[in-house]
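These numbers come from a predicted model, not from an experiment. Starting from 1, each residue takes its place in the sequence as its number.
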Amino acid sequence: MAATFVFRVPRLHKWVSLAVVIALIPLAKYCWVGWLIWAVVLWLTSQHPPTPGRREIGRGRKWLAVFAILMLGWPSRQPDHRRFRKAEWPDIREAGMQGAQYVRGEFRHLLHRK
């Protein structure tokens with residue numbers, strides 16, 4: 001509801017963006033420091049040049065949007081969690097180390113080929 005209101009009032013987006021930046025600063029202090037990065041990015045990109053007016057969305061695109069939302073929301077089937085054993089931390093760590101070594105070897109191969 002609030003998002004559609006922002007789209008209908010073109011100048012309101014500037015104030016909503018500023019409110020979000022101000023709201024992200026306490027989140028960065030108390031929850032996760034990464035919110036500060038998002039606040040800075042939002043603040044830096046808030047000065048957007050004017051965009052042309054909107055055209056009405058066609059009937060076909062509206063039906064495509066409804067179909068896409070239904071497709072994303074409709075579960076194909078429930079996963080069977082009994083088939084998977086719980087991975088132990090050493091197994092996960094070992095697989096990650098092997099993957100990192102493989103990627104490092106590929107980069108070395110690409111950088112040092114003649």
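The local environment of CD1 in Ile25 is crowded, with over 12 non-hydrogen atoms from other residues, nucleotides or ligands closer than 6.0 Å. Taking a 6.0 Å sphere around CG of Leu44, one finds it holds more than 12 heavy atoms contributed by other residues, nucleotides or ligands.
Note: Arg93 CZ to Met97 CE = 5.5 Å, rounded to the nearest 0.5 Å. Of the inter-residue distances, the one linking Leu18 atom CG with Leu42 atom CG reads 9.0 Å to the nearest 0.5 angstrom. To the nearest 0.5 angstrom, Ile69 atom CD1 is 10.0 Å from Leu64 atom CG. Rounding to the nearest 0.5 angstrom, the gap separating the NE2 atom in His112 from the CG atom in Leu110 is 10.0 Å. Once rounded to the nearest 0.5 Å, the distance linking CZ of Phe67 with CE of Met71 reads 5.0 Å.
Residues Lys62 and Glu56 have side chains in contact (heavy-atom distance under 4.5 Å, counting atoms from C-beta outward).
Scanning all heavy atoms of the two residues, the minimum distance from Trp35 to Leu24 falls at CE3-CD2, 3.6 Å.
Leu36 and Trp32 are members of different hydrophobic clusters when ILVMFWY side chains are connected at heavy-atom separations under 4.5 Å.
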